[in-house]
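What follows is a single structure, written as structure tokens, with notes after it.
Every chain is numbered from 1, with letters handed out A, B, ... down the list of sequences.
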2 protein chains.
Amino acid sequence: MPKFVDGYLSYLLAAASERVSREFHRQLRPYGLSVANWRVLATLSDGDALSVGALARIVLFQQPTLTKLLARMAKARLVELRADPADRRRTLVRISAAGRKKVRPLLGMAKAHERACLASYSAAEVAKVKAILEDLLRRSETR
Amino acid sequence: MPKFVDGYLSYLLAAASERVSREFHRQLRPYGLSVANWRVLATLSDGDALSVGALARIVLFQQPTLTKLLARMAKARLVELRADPADRRRTLVRISAAGRKKVRPLLGMAKAHERACLASYSAAEVAKVKAILEDLLRRSETR
DNA sequence: GCGTATTATATGCCGTTTCATGCAATCGGA
DNA sequence: TCCGATTGCATGAAACGGCATATAATACGC
């Protein structure tokens with residue numbers, strides 16, 4: 001009995017995303033990190049400070065959600081928050097030393113997980129899929 | 001400053017999924033349906049009854065989340081719940097007449113939205129991406 | 001420079017999700 | 001057929017997210 005959702009783009013994307021990230025989530029749990037924590041730390045792992053809004057757009061959270069998440073992460077000493085001296089409306093977020101230490105082993109695990117997921121596809125196939133996903137994102141930015 | 005997430009499969013999937021479904025969500029709001037309601041109704045729209053667990057696997061919700069969602073939807077008369085006579089542990093879920101009426105126009109809108117998202121790709125490109133997403137799902141079932 | 005519009009973040013309230021667990025029905029082996 | 005294991009769903013407490021809105025800083029037109 002085929003369901004409406006079968007083959008429906010939105011569903012395929014949601015299902016694939018859910019599966020892939022849930023699998024990785026299982027690897028994250030021993031480290032005491034949620035997927036949300038992971039995304040924030042991974043995004044900040046290069047050391048640059050970002051404003052709350054810029055970070056929210058990258059990690060796909062609404063701004064109030066991220067503000068509250070950051071408050072919890074700051075309390076856990078994973079990130080540091082400070083007002084932007086150049087524009088005091090802004091709050092800059094930076095990863096802490098503890099956050100960096102916590103996220104470092106996970107960066108490699110994430111890449112390994114991706115390789116495992118994609119192992120049976122050719123480089124061309126992977127590139128094609130990623131290109132279309134990136135293109136979908138670019139196009140939807142203006143909508 | 002490229003971020004870790006750039007080009008990362010899990011991120012691309014999450015971002016593409018989020019964008020596509022958020023756009024459709026805006027179209028859903030006038031109908032008073034959340035994305036969760038929509039997924040349940042769309043899945044049940046062919047008339048078949050499903051158990052709570054089977055439905056949860058399809059719509060990608062955890063079982064307790066779906067149980068509570070279904071309770072709300074049953075109160076709103078969108079679905080009907082009854083014990084499975086063949087296995088009384090199971091609860092069968094079926095769409096109601098009101099639910100069917102509510103979801104019918106949305107099925108066409110969903111297909112139109114998908115066409116709009118994919119308009120600039122060839123049929124072969126679309127087929128390729130969907131095939132890989134479906135394959136990713138199948139493979140991850142056993143993991 | 002003044003008042004208004006705009007941008008950036010924080011907050012409050014409330015509904016929802018999650019995790020752990022409970023309870024009941026069914027299964028399966030001896 | 002009995003009993004432990006398993007399966008399926010429900011539930012309670014606590015954490016979380018979403019929406020609307022408040023607050024504060026900056027930009028902009030005159």
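In this structure a side-chain-to-backbone donor-acceptor pair under 3.5 Å is missing from A:T65 to A:F61. Within the 3.5 Å criterion, the main-chain N or O of A:G53 finds no donor-acceptor partner in the side chain of A:Q63. Judged by distance alone, with hydrogens and angles left aside, the side-chain atoms of B:S96 form a donor-acceptor pair with the main-chain N or O of B:L78 at under 3.5 Å. In this structure a side-chain-to-backbone donor-acceptor pair under 3.5 Å is missing from B:R90 to B:D84. Side chain of B:E125 to main chain of B:S122: a donor-acceptor pair is present (N/O by atom type, distance under 3.5 Å, no hydrogens or angles). Judged by distance alone, the side chain of A:S51 and the main-chain N or O of A:L92 form no donor-acceptor pair under 3.5 Å. Side chain of A:R94 to backbone of A:E80: no donor-acceptor contact under 3.5 angstrom is found.
Taking every nucleotide of DNA chain C with any atom under 4.0 Å from a non-hydrogen atom of chain A, the first and last of them, 5' to 3', are C:dT7 to C:dC13.
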Inset, instruction - Take nucleotides 16-23 of chain D nucleotide by nucleotide from the 5' end and write B, S or -, depending on whether a protein heavy atom sits under 4.0 Å from the base, only from the sugar-phosphate, or from neither. - result: SSBBB---
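By the ring-ring contact (aromatic ring centres under 6.0 Å, His included) test, A:F24 is found to be paired with A:W38, A:H113, residues two or more places apart in sequence or in another chain being considered. For B:K101, the salt bridge (Lys or Arg N to Asp or Glu O under 4.0 Å) criterion is met by no residue, not counting sequence neighbours.
Under 4.0 angstrom from either OP1 or OP2 of D:dT11 there lies no side-chain N or O belonging to B:T67.
What separates CG of B:L70 from P of D:dG8 is a distance of 16 Å, to the nearest Å.
Near DNA chain C, meaning a heavy atom under 4.0 Å away, the residues from residues 80-96 of chain A are A:R89, A:R90, A:T91.
In this structure the side chain of A:M73 never reaches within 4.5 angstrom of the side chain of A:V93, judged on heavy atoms. Annotation: side chain of B:R19 is not in contact with side chain of A:L136 (no heavy-atom distance under 4.5 Å).
Annotation: A:K128, atom NZ; neighbour count of heavy atoms from other residues, nucleotides and ligands within 6.0 Å does not exceed 12.
Comparing the end axes of the helix from C:dG1-D:dC30 to C:dA30-D:dT1, each fitted to five base pairs by superposing C1' atoms of four pairs onto the next four, gives an inter-axis angle of 40° (nearest 10 degrees).
A cation-pi geometry, defined here as NZ or CZ lying under 6.0 Å from the six-membered ring centre and within 45° of its normal, does not hold between A:R26 and A:Y31.
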